[in-house]
Each structure stands twice: as structure tokens, then as C-alpha cells.
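Quick notes on the structure that follows.
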Amino acid sequence: MPFVSMFELGATGNGLSPANSLRLEQIEKQDVAWCVSSSVAKWSRIALAVLLCLFLQGISCAADVPSSSELEFFEKKIRPVLVENCYSCHSSEAQAKGKLKGGLFVDSREGLRVGGETGPAIVPGKPESGTLLKALRYEGLEMPPQKQLPAATVADFEQWISRGAADPRDGALVAVRRSMDLSEARQFWSFRPVQNAPAPHVKMDLWPRNEIDHWVLAKLDQKGLVPVGDADRRTLVRRLYFDLIGLPPPMERVDSFLRDESPQAIERLVDELLASRHFGEKWGRHWLDLARYSESNGRDRNIVWHHAWRYRDWVIDALNRDLPFDEFVRMQIAGDLLSVQKGLRQVGMTESSLDEQREKTLQSERLIAVGFLALGPKAFEERKVEVFRMDMIDEQIDVISRSLLGLSVACARCHDHKFDPIPTREYYALAGIFRSTQPMYGLGPMGTKCLHDTELQVIDLDHNSPTPTVEELNSVEVDPPLSALIPVASSHREAIRARIQERNDARSSRYRVVRQVASLKSQLTKPDADKEMIESQIASLETEVKEWDIKVKRLEEDVKDHESNPPLQPEFAMSARDGKIEECRIHIRGDTTNLGDSVPRGFLGVVDLPEVISIPADASGRLQLAFWLTHPKHPLTPRVAVNRVWQHLFGRGVVATPDDFGTSGSPPSHPELLDHLASRFVAEGWSMKKLIRHIVLSRTYRLSSSSLASNQMADPENTLLWRHSPRRLDAEMFRDSVLFVTSQLDPTPRSKSIVGELHPFKEPEFFSWSLHLKQEQMEHYHRSVYLPIVRGNLPEALKLFDFADPSVPVGRRDESVVPAQASFLMNSPWMILHARQLARSICDETADNGRRLERCYQQILNRLPTDEERQRITSFFVAADEESFSSPKKSPDDQTLDRWTSIVQSLLGSIEFRYSF
Amino acid sequence: MTTNRISRRRWLQTASNGFGSIALAGLCADVAARESPLAARSAHVFGMARRVIFLCMRGGPSHMEMFDYKPKLNEDNLKPGRNPNAKLFGSQWKFARRGECGMWMSDLLPHLAKQADRICLLNGMHTDSENHPQALEQMHTGSFQFVRPSLGSWCVYGLGTENQNLPGFLALRPLSALGGSRYYSSAFLPAMYTATSIGESDKDIRNAIIGNLTNPRLNSRQQRQQLDLLQSLNADVAASQPNDGRLEGVIESFELAFRMQSELPRVMDLSSETKETLKLYGIDQGPTDDFGRQCLLARRMIESGVRFVELTHQDWDHHGFVSSLMPKRCGEIDQPISALLQDLAQRGLLDETLVVWGGEFGRTPDDPTQDGRGHNHTGFSMWLAGGGVKAGFTHGMTDEHGYEAIEGRVHTHDLHATILHLLGLDHERLTYRYAGRDFRLTDVHGRVVNEVIA
């Protein structure tokens with residue numbers, strides 16, 4: 001990675017011949033490789049650069065010659081100060097020792113003028129411009145850090161800079177911090193354009209079913225590995241069910257699939273599953289992990305988000321109707337702006353590309369989709385508005401860049417990215433877009449003077465409903481129009497907020513008097529106290545307390561009244577809209593009080609698109625960002641997206657680090673395959689369903705999960721895909737599967753969410769003791785994707801099995817194995833309850849133990865027990881009898897039920913049930 | 001011979017290649033331990049401490065009332081303070097030199113005063129945030145901007161744990177409001193290193209229930225039978241995937257969970273303790289009961305080989321009523337903590353157990369109301385004991401009023417570096433690679449406070 005080395009030799013004068021600079025480039029290029037270079041290699045390159053500096057020091061040629069008096073001033077007043085106070089951290093020598101700070105060199109004229117990470121240190125003639133003088137004055141930066149230089153010395157510097165900053169140190173070649181070399185950086189695999197190379201020829205030409213298999217087999221051939229055979233059909237149907245809809249198949253569907261011998265049987269099954277409503281519930285959840293979807297703020301103030309569920313439902317629905325992924329992304333970044341035709345023209349699209357009718361019906365959806373920007377956790381306790389704002393922007397940049405680009409752009413907030421070609425400037429170019437954007441998440445904590453309230457988006461869902469009938473129109477029940485609801489609701493919100501403030505102020509006033517009383521009482525105990533006077537003071541204050549009591553009580557009731565009787569509310573959504581359009585200034589070291597240059601809004605320079613997307617002065621740039629992210633030639637977005645799909649189907653991405661396509665991420669195991677998938681994905685209209693269909697119909701996907709000793713030795717991680725890797729079911733898949741096989745699952749979507757149904761004003765924050773939330777989590781029989789997701793209070797069955805932390809984007813969940821999971825499977829009332837349900841229904845169905853066992857196996861594992869397994873259960877029964885498994889007080893029926901409960905529970909806790917093979 | 005034994009033996013035979021290492025109850029736990037992420041590991045360098053007890057005082061206890069003697073503050077009582085709306089506010093409690101070392105401590109801590117010669121007092125603490133959630137998070141994880149692993153998680157990650165029948169990191173009555181769960185989370189470290197919670201922040205420890213630890217339906221014999229059945233099913237699958245370590249891990253986790261069922265309640269059960277011990281800790285004596293139980297449990301857990309135990313004591317955020325609240329809070333912890341130090345020392349455990357006491361920050365020397373104190377993150381006190389720190393030693397000081405640490409300054413990062421160092425872990429080498437970066441507890445900060453190491 002050439003750009004890892006952030007320093008290169010540059011000629012300060014013109015003494016360096018092109019040949020020399022070429023030589024260094026060649027040295028660097030030798031290190032070009034896909035793999036992550038060790039820091040050792042990086043430092044050795046830098047050390048080499050420094051050596052060359054020293055070697056070439058003799059060659060000099062001054063550009064402009066300052067007068068001797070100016071030079072004398074420099075030598076007497078400036079150079080000694082620099083050497084003594086600054087060189088230890090800002091010189092070539094410091095760099096060689098690895099002690100260079102901030103990328104700044106003050107040991108050369110050019111070094112000072114080019115400056116470090118925070119911009120030029122000096123601008124000759126302009127003392128107010130560079131960072132050096134500010135730092136010496138301890139304005140923002142404080143240099144030298146140990147002790148400020150005397151005022152006279154600082155004045156010398158000011159004078160020197162004003163007079164043109166004469167500096168003779170120009171002959172020396174210095175290692176100058178360069179602006180990252182983009183053309184070089186773009187050579188890294190993930191920044192290069194997506195290639196669509198023809199599939200390679202393979203020896204076993206009957207083996208491949210589609211292009212995917214050519215790429216996979218070619219790689220296996222290369223390493224001399226032979227793929228295992230295909231999975232048996234029962235395994236395959238289970239695999240497809242889990243992977244496409246997140247549920248196990250019903251026994252009847254397994255049977256009908258096994259009977260269907262036509263060559264199209266698999267395609268039919270796949271199409272059936274892709275069309276299922278459950279598809280979006282499974283695949284939408286993968287996106288919700290990345291979108292850090294939650295229905296509460298988390299962090300220090302766990303504010304309830306009553307309307308977040310709309311976003312969840314929109315995501316599920318978008319997956320189900322196969323909304324093209326590029327539009328899916330654009331709606332979440334700039335849904336509110338997409339209807340603005342002017343914006344479309346700005347990015348080179350014509351108005352006709354979105355017709356009027358569709359435009360209208362999509363409007364509410366888009367406003368909901370852009371709620372993506374508002375879902376991040378926020379530090380409501382933060383008293384500094386700018387810190388709050390920049391943290392929120394940082395969170396947005398982090399989520400967008402990691403989920404869509406596979407880059408951690410947020411690293412560049414405080415310094416140029418350590419590994420990837422993302423300079424701090426570009427971070428603030430993006431930050432400008434979000435400074436010009438106002439996410440809409442609603443109110444902060446009630447009852448404090450909150451600095452961070454926003455509005456919520458009112459949405460008009462009515463235009464989708466059919467025209468009302470005459471009866472409906474005549475009915476008294478008809479809702480008042482939206483235009484009438486909005487002002488009433490908003491004035492109620494204002495009123496409630498004002499009353500709460502008034503109540504809290506009164507409480508504080510009362511408390512102050514109470515405190516005075518307490519303090520007077522303690523004075524009474526002192527020997528020399530004027531008891532009479534103090535007692536009379538106490539008496540009058542106590543009267544005052546009583547007056548406050550009455551007032552506080554009245555205000556408390558007033559608040560309650562306002563909370564309990566809100567007017568009819570319009571429909572709301574979390575959303576975002578443009579705010580005041582402004583550029584963002586560089587925040588030196590990420591500090592809001594230490595501002596550098598203002599940066600024009602823009603995108604990442606390392607991404608090279610065939611056309612330039614520019615941001616007009618009067619636009620936030622969000623719309624342009626949305627189109628930039630989803631440009632068909634974007635090297636990252638399609639690759640990152642297809643890699644995520646691949647990972648969900650194989651357990652591991654072609655790039656094993658799905659959120660890091662930068663230089664410290666893993667290189668792709670099959671780069672051409674990744675590009676094949678990405679280019680096909682874009683060509684097929686960014687269709688997720690087509691992509692998934694393409695992948696699951698490959699032979700590679702259908703391989704058995706059985707192991708092969710020789711392959712195992714050569715490729716233990718199965719990186720080359722010689723078999724299908726077994727995977728543990730996700731938390732939701734496991735929970736849903738237990739409900740499904742015990743016939744307890746309610747397959748319909750749960751409308752809204754318990755959070756959405758909470759009183760809009762009474763319970764604005766969640767605490768751990770929120771009991772009805774816990775209860776809802778226990779008694780929820782819909783699919784897990786509809787469980788209430790509250791930060792810091794996740795449903796036990798999900799949290800234990802590595803559900804994604806809803807505060808951060810998660811591209812790959814953990815697959816931890818901890819005793820608490822085992823305890824849950826063995827002892828939780830939830831597991832026992834459901835095991836018992838199935839045991840009861842099977843015992844009711846037949847009295848024959850052999851038949852019962854078959855039913856258990858069919859229902860839970862879609863197969864019949866083997867002879868050995870039958871034998872084992874018989875032994876279990878014998879043992880259970882001997883060990884008086886059940887209390888003798890119980891009826892024989894209950895004892896039987898107890899045993900069958902244990903058998904069912906064992907099957908539900910077994911690896912075979914909890915893993916997909 | 002019962003069928004139970006037959007099935008277990010048969011299962012072991014099935015699992016013979018590669019599965020001999022399965023930890024059956026009490027059979028071969030040490031073999032399993034070698035491969036477990038919780039297996040005990042050796043330290044980077046020599047360290048005295050092997051275990052940590054962290055006594056977390058939520059709210060920010062006042063250093064000027066407990067450990068940081070400020071005669072000048074009392075002298076300047078009611079004079080203007082640094083805060084324009086506030087006046088200086090002297091401490092209402094007498095200070096005296098305690099122990100042979102002559103450590104200053106106030107009358108609020110009569111029991112602890114007797115342990116002064118065991119304590120290493122840090123009077124020059126400072127941290128980055130004056131808000132509770134941020135400061136608490138930094139105290140636990142080093143960071144409040146990002147979700148990072150807890151100190152306890154790092155310790156178990158570094159050293160494993162000494163008892164394979166118990167988790168390595170236990171948190172008693174963990175904080176839950178205001179961002180609590182993050183204080184004890186392993187973040188990006190493997191989930192095995194997250195604290196196992198015992199009890200809840202708003203419930204007394206005597207009512208603590210550990211999730212799913214007991215089977216509501218079966219006794220342990222019956223449970224063992226059911227588990228044997230389950231494990232035989234698991235062994236079949238694992239045998240067909242001979243190289244998948246995860247599946248072996250699943251089998252192991254069931255065994256540990258099963259062992260924990262008897263081990264954890266045993267550790268939690270105080271009935272085997274003598275009356276004298278219970279009395280020493282102040283158990284069943286009103287205000288000291290809860291924290292006394294926590295301290296005694298901590299000793300029992302440490303004794304059983306748990307690596308890191310965190311205890312929680314709340315309500316130190318005294319913006320008002322210092323005069324009545326300080327004696328209450330101190331009364332709740334004073335006797336239990338000194339009992340803990342005494343008990344650990346008596347049992348010869350103190351040398352290798354590091355006890356850490358402190359809150360997220362301290363308090364201001366001034367106040368507008370003259371009976372409260374604001375948040376002060378620029379200077380406050382914490383203390384260490386045992387585990388290789390200097391005993392009877394006071395390090396660092398704040399200015400004459402107690403606003404700011406001026407000498408022997410110790411930042412939260414420095415404290416973390418020192419704790420790891422005492423455990424024999426180098427805070428610069430204890431790293432975990434995540435999202436392409438090597439993370440440390442101390443990030444790019446931290447200095448081992450060598451001055452306090454014995």
C-alpha cells in the first residue's frame with residue numbers, strides 16, 4: 001500500500017533530479033501488495049527516506065534570497081528557539097525516532113510552510129494565518145506543551161513572519177508531509193474500478209452450475225483441492241429456509257421437495273422463499289444491524305422513540321418488494337430531498353426518471369427512510385451544544401461509511417486516517433454536509449432545559465388509502481385533516497414542556513427554602529446562637545415551604561393533566577431535513593474549540609468516479625452524497641453490499657472483514673468473484689433478490705458441509721469454499737425456530753411495537769426496571785424482528801446469543817459460546833415452557849413412544865431418528881425410571897409429559913437444531 | 001451400574017478422538033482449561049497481584065470529607081471560591097493522622113482508620129469529564145466517547161481465570177441506569193470476558209438472583225440425565241465435524257454451566273461463615289448489611305479463584321445535605337471495607353489481591369448552599385491496598401482548597417496502567433486487534449505510577 005507511507009521525499013528547492021524521485025517510488029512500489037503491510041515495513045521505508053535526506057543534503061539551490069539582516073534575525077531569534085523547543089517532536093530526527101507529532105516539520109523552510117495535519121504552520125507575511133503563532137500564544141493549540149515561551153519570544157516570531165519569514169534552510173532535502181497521493185492510493189484493490197472478467201476455464205467443466213462456480217473451482221484447482229459432494233436434499237431445503245427466510249421448513253414442505261424430482265425443484269423452492277413475506281423479516285434484520293436500529297436513545301438518557309418502528313417496517317417492506325439497493329440507500333440518505341426535481345437535475349437526472357404519481361406515493365416512505373440518519377445514540381447530558389452536534393455528525397459519518405463503504409472514515413476526525421487514504425480535510429468535507437442537515441428525533445429529556453430538542457416529521461399516510469365511501473365521509477368518526485392536527489399537537493407539546501419546566505422550577509425553589517431551614521436548625525445547636533431570632537426565621541420559612549407545597553402540588557397535577565389528555569396526534573416519523581447550509585471548519589484534534597480552515601462540502605477523493613458530482617452552494621449536499629454513494633461505477637458500495645450478502649449465505653465474506661475494505665481489512669479471497677458479483681448486481685438493477693438467487697443456485701452454495709481430511713489440512717478455515725461451513729443460527733433464527741417447531745409462532749407481523757404504543761408523554765425514558773417491557777419480551781409470539789429493541793435492555797433470548805449491539809453498526813455478529821447460553825437452554829422458563837407445549841401435543845397425538853419420538857424428530861429436525869437414537873431414548877427412559885425422574889406424587893401422565901419435555905428440550909438445545917449445516 | 005453411567009461412558013467413547021478433552025463434571029476440567037479462553041495465563045512481567053476487587057463508589061465521594069485534609073479550606077470558610085456564585089465550604093469533620101504511617105483520615109471512617117497502614121492513598125487523582133455517565137464510563141473502560149471493554153474484561157482477557165467452574169469477572173449490583181451495562185461489557189473482546197452480573201442496582205444483594213442458574217423443574221440428578229441425553233446428541237454431531245472447535249466449545253459450555261449451578265450458589269451462600277466473620281463485616285447489622293455482604297462475597301469469590309470482582313455502592317452525589325448524607329454513606333461502607341482488608345490479610349490473601357476504592361470523581365471545595373458540593377474531576381482521592389502497592393503511603397496532593405491535583409497527579413489512564421502493571425500486565429502490550437487496529441485499555445495514554453509500587 002503505497003499510501004501507507006504518509007511521507008515521501010520532496011524537493012524543497014529544485015535540487016532533486018527526477019531520477020532520484022523515481023528511484024524512491026520504485027523502492028516503495030516493491031512493497032505494493034494486497035496484504036496488510038507490517039508497521040515494520042512502513043517504518044523502514046520512512047527510515048530509508050530519512051537516510052536519503054541526509055545523503056542528498058549537499059545539493060541546494062535557494063529560490064529567493066532574503067537580505068542578510070533578515071537572515072541574521074532568523075539565526076539569532078528564531079532558529080535557536082525552534083531547535084531548543086520544537087525539534088524534539090517536529091523534525092526529521094524526531095521522525096526517525098518515531099516521535100514526530102502532527103506530521104509537522106519545523107526543521108526546514110518548506111516544512112513550516114506546508115505544515116502538518118492541521119495546515120500550514122506559517123504563511124509568510126500573514127502572522128494571523130498559520131498555526132504556529134496561535135500555538136505559541138496558547139490559543140487553542142498549546143506549544144511548547146510544557147511551558148509557554150516568553151512574550152518577547154512570541155513577539156519575535158510574529159515580527160519574523162510579518163517580515164516574510166526569511167529562512168535559509170532550503171538546501172536540505174526534507175521529508176515533507178505530502179498530501180496523500182490519490183492516484184497511488186487508488187491502486188489499492190478496493191478503490192480500483194470493478195472489473196467484470198470472463199469466468200475462467202476449469203477442468204471439471206460439468207461441475208459448475210453458474211459463473212460463481214467457475215471462479216471458486218478455478219481457485220480450488222489452483223491449490224489442488226477437490227470440493228466435497230453436494231449436500232443431501234433434506235439438508236439443502238433446511239439450509240435454504242434458514243438462509244432465505246430465517247425459519248426451518250415445515251415437514252410437509254420437506255417431503256414435497258424430496259418428492260419433486262424435476263430439475264427445476266430447487267429453483268421453484270428458491271423463488272417461493274424469495275416471494276415469502278418472511279424474506280424481508282430475515283434480510284431486513286441484517287440491514288437493521290448496520291443501521292444500529294433501536295427504539296430508544298440509549299446512553300445517558302434512554303429516551304423512548306415512539307416512532308422508530310416505522311423505519312423497521314419500511315426496511316422489511318423494501319426488502320420484500322426488492323427495492324433496488326441504490327434507491328434503498330438514496331432514500332435513507334436523502335429521502336426528504338429526492339422529490340426535489342431541482343436536485344435531480346443537479347446530479348444530471350431528468351425529471352421524467354421519477355413520474356409524478358409514484359413521487360406522491362413515495363413521499364411518506366422517503367421521509368421515514370431518512371430516519372436512518374436520526375437513529376444514533378446521542379449524549380443528551382452534554383451541555384456544550386457544539387460538542388453534541390459534532391458527536392452526532394461523527395456518528396452519522398461512522399454509520400454511513402462503515403455500512404456502505406466498508407471504511408471507518410470517522411477515524412479521520414482527529415487526524416488523517418492512520419491506514420486509509422482519508423485525510424482529515426475530507427472528513428470535514430463530509431461533516432459539512434451533515435452540519436447542513438438536521439436529523440429529526442424529537443424531544444430530549446423532559447423537565448431539563450434541554451439544549452438538543454428537535455421536531456419530529458409529520459407524515460401524511462392518508463394518500464395511500466382508498467377513497468372514503470360516502471358513509472365514511474358522513475360518519476362522525478372521521479379523523480380531522482392533518483392540517484388541523486399539526487398546530488394543536490405542536491402547541492400541546494410546547495405547553496407540556498413549559499409546564500414541566502415550571503413544575504421543576506417550583507420544586508427547586510421549595511427545596512432551597514427547605515435547605516435554609518435545615519441550615520438554620522444546625523445553627524441552633526451552636527452555643528452562642530441567637531435562638532429566638534433563628535426560631536422566628538425558621539417559622540417564617542416553614543410557612544413559605546407550605547406555600548410552596550401547595551404550588552408544587554398544583555403544578556404537578558397540571559403536568560399530569562397535560563400528559564394524560566393529549567389532543568389527537570398526527571402520525572409522526574423520525575426523519576431528517578436540510579438545516580442552515582454551512583461549511584464545516586476543521587476541528588483540530590477533533591476539538592470543538594480549536595478550529596482550523598473551513599472546508600468545502602464534498603466526498604472522498606480516493607473514490608474515482610467517471611463524472612464529477614458537485615454540491616451547489618445552496619444545497620446541503622446530502623442528495624449529491626446519496627447519488628455519489630450509489631453511482632454505478634462506485635468501487636466500494638456494490639462490492640461492500642454483495643460481500644455482505646455472500647457472508648450471510650456462507651458465514652464468511654469474500655472479504656472476511658465486511659466493515660473494513662481498507663488497508664487493514666482482509667484482502668478478498670476471490671477478488672474476481674467479488675467483482676463478478678458486484679458488476680452483475682449493478683447490471684441487474686441492484687436487485688437483492690436476483691443476487692441472492694444467483695448465489696444460492698450455484699453449485700458452491702449447495703455443497704455438503706462434510707469434512708475432508710486432506711482439504712482440512714490445506715484450508716482449515718474453508719476460505720476456498722471446498723465445502724459449506726456449518727453456522728450457528730442467529731439469535732432471532734433460533735428463537736423463531738423454537739416458536740415455529742413448537743407451533744407457537746404467530747407468523748403475522750406485529751403491528752407497531754410496544755414502544756410505539758407507550759403513552760406519548762407519560763413515560764419518556766426507559767430504565768432497566770421497565771417491567772412491562774420485560775414481560776412483552778417474554779410473551780411476544782411474533783417473529784423476533786418485531787421485538788422491542790431498546791438500548792441497554794435487550795430481550796434475554798437475543799442478547800445471550802450475540803444479537804447485534806444496537807448502538808453501533810454491526811456487519812458481522814459474534815458467535816460466542818458462553819455458559820450463560822447453556823444455562824438458558826437448560827433452565828430458562830421460556831425454553832421449558834415451549835418444550836412442554838410440543839411434548840404435550842405429541843403425547844396427545846399418540847400413545848406409542850416410538851411414534852412420539854418420530855414426531856419429535858420430524859417436527860424439530862425434519863428427519864426420523866436413527867436406530868441408535870431410538871435406543872438412546874429407550875435407555876433414557878430406563879434411567880429416568882431408575883432415578884425416579886419425576887416426583888412419585890405426580891400422575892403417570894404427568895410423569896410421561898415430564899420425560900417427553902426433557903427429550904424435546906434436549907432436541908431444541910442440541911447442536912443439530914441450533915446450527916445450519 | 002446405572003444406565004446413566006453407561007450412556008456417559010458410551011458418549012465419551014463416541015467422542016474419543018478429539019473429544020477426550022470435554023470437561024465432564026469434575027473429571028478433567030484442567031485439560032479443558034488449557035484450551036478455554038478462560039484458561040489461566042501467565043503475566044507479561046512479574047506482578048504481585050493476581051486478583052482485583054474494585055469497590056466502585058458511584059456519584060463522586062467527597063475527598064475533602066474523607067481523605068484529603070484541607071485546614072486552609074476550613075480557615076477560608078465562607079470566603080469567595082473559584083466558582084463566582086459559591087463560597088468556600090470547610091469540612092465539618094475532624095481529621096487526624098492514623099496508623100503508624102500517619103495517614104490523614106477524617107472521623108467519618110473510624111474503622112478504616114485502623115487499616116491506614118494497609119492503604120496506599122492517591123490524593124492527586126484527576127479525570128476528563130465532570131458528568132457522571134462519562135466519568136463512570138472512563139473509570140471503567142478508559143473512554144467515554146466509544147464503547148470499550150471494561151477494566152475487568154481486560155484483566156480476564158490478559159490472565160484468564162483460576163477457577164474453571166466460575167466466570168472470571170463478576171459484578172455485584174451493577175449499575176444499570178445512565179448507560180450502565182457498558183461499564184461491565186467486553187465490547188469487542190470475546191463475550192466470555194463480559195462480567196457476569198449478580199444482583200441488580202436497585203435490589204439488595206441478599207435478594208440477588210442469577211439468571212437461569214437453577215432448573216425450576218428438575219433436581220440435579222435428573223438434570224444430569226437430561227444433560228447426558230443432550231450431550232450425547234451433541235457428541236454425535238461434533239464427531240461428524242471433527243475439526244470444528246466451536247462445537248467442542250458448545251459441549252464444554254454446557255458442562256461449565258452445569259458446574260456453575262452448584263459452584264456459584266456455594267460461593268454465594270454465606271451460611272458456612274462464622275458468626276464472628278459475619279459480625280466483622282457488619283452483616284445483619286442494619287446499614288452495613290448490604291455492603292458487608294458484598295465485601296464478604298468478594299472475599300469468597302476471590303478465594304474461589306475469580307479474577308476480577310466489582311462491588312457497587314451508590315448515592316455519593318451530594319449536592320446537598322452533606323452534613324447528614326456523608327455520615328450515612330460512610331457508615332455503610334466503613335466497617336465492611338475495613339473488615340475486608342483485615343480478613344484478606346488474615347487469610348494471607350491481601351498480598352496477591354489488589355483492592356481498589358473510589359468513585360468517578362470528587363467534589364468541589366465551594367458551594368452556593370453551604371451544605372453541598374459540586375462535581376470535581378480535576379482533583380480527588382482514590383486508594384489501593386494489597387497486591388504489591390506501598391502500604392501506609394500517601395501519594396499526590398491537591399491545592400490548598402482541594403480544587404485541583406497539583407502533585408503526584410494520577411489520571412484514570414495512569415491508574416489503569418498501574419492496575420495492569422500490578423497484575424504483571426504491560427498496558428502497552430495488552431492489546432486486542434479489532435476493526436484493523438490494536439486496542440488498549442489505556443489507548444495511547446497511561447503511565448505506570450511507579451511511586452506507589454512496593
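Just so we're on the same page: letters track the sequence lines, and every chain starts at 1.
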*In terms of heavy-atom pairs under 4.5 Å, which option from L227(B), D371(B), V250(B) contacts chain A the most?*
V250(B)
*Side chain, backbone, both or neither: which part of S519(A) has a heavy atom under 4.5 Å from chain B?*
neither
*Does a salt bridge link D398(A) with R292(A), judged by any charged N lying under 4.0 Å from a carboxylate O?*
no
*Which region of R512(A), side chain (C-beta onward) or backbone (N, CA, C, O), has a non-hydrogen atom less than 4.5 Å from a non-hydrogen atom of chain B, or is it both or neither?*
neither
*So what's closer than 4.5 Å to chain A heavy atoms on T214(B): side chain, backbone, both or neither?*
backbone
*Contacting moiety of P726(A), where chain B heavy atoms sit under 4.5 Å*: both
_Under 4.5 Å from a heavy atom of chain B, the part of L907(A) involved_ = both
*Take S906(A) and L233(B), measure what side-chain contact (heavy atoms from CB on, under 4.5 Å) needs, and give me the verdict at the end.*
CA-CA 8 Å; S906(A) 298; L233(B) 298 171; 4.2 Å; yes
*Please state whether the side chain, the backbone, both or neither of S705(A) comes within less than 4.5 Å of a heavy atom of chain B.*
both
*With a 4.5 angstrom heavy-atom cut-off, could you sort out which part of F321(B) is near chain A: side chain, backbone, both or neither?*
both
*Atom group of S807(A) that falls short of 4.5 Å from chain B, counting heavy atoms*: neither
*Take W93(B) and V322(B) through the side-chain contact (heavy atoms from CB on, under 4.5 Å) test and state the conclusion after the steps.*
CA-CA 11 Å; W93(B) 290 277; V322(B) 166; 4.0 Å; yes
*Would you call D391(A)-R413(A) a salt bridge at under 4.0 Å N-O?*
yes
*Give, as side chain, backbone, both or neither, the part of Q712(A) having an atom under 4.5 angstrom from any heavy atom of chain B.*
side chain
*Select one option (side chain, backbone, both, neither) describing which atoms of R836(A) are under 4.5 Å from chain B's heavy atoms.*
side chain
*With distance as the sole criterion, is a donor-acceptor pair present between the side chains of N234(B) and S910(A) under 3.5 Å?*
no
_Cation-pi geometry met for R899(A) and F877(A) (6.0 Å, 45°)_ = no
*asked:* Using the rule given for salt bridge (charged side-chain N to carboxylate O under 4.0 Å, His left out), can you reason through E255(B) versus R259(B), listing the C-alpha separation, both sets of side-chain angles and the distance that settles it, and then say yes or no?
replied: CA-CA 6 Å; E255(B) 295 299 332; R259(B) 290 197 304 268; 5.3 Å; no
_Less than 4.5 Å to any heavy atom of chain B: does that hold for the side chain of T657(A), its backbone, both, or neither?_
neither
*With side-chain contact (heavy atoms from CB on, under 4.5 Å) as the test, would you mind laying out the steps for F913(A) and V237(B) before giving the verdict?*
CA-CA 10 Å; F913(A) 179 70; V237(B) 178; over 6 Å; no
_Counting only non-hydrogen atoms closer than 4.5 Å, does N131(B) touch chain A with its backbone (N, CA, C, O), its side chain (CB onward), both, or neither?_
side chain
*Check each atom of Q516(A) against the heavy atoms of chain B and say whether the ones under 4.5 Å are side chain, backbone, both or neither.*
neither
*Determine, stepwise, if the pair M326(B) / Q92(B) fulfils side-chain contact (heavy atoms from CB on, under 4.5 Å).*
CA-CA 10 Å; M326(B) 277 307 283; Q92(B) 307 157 55; over 6 Å; no
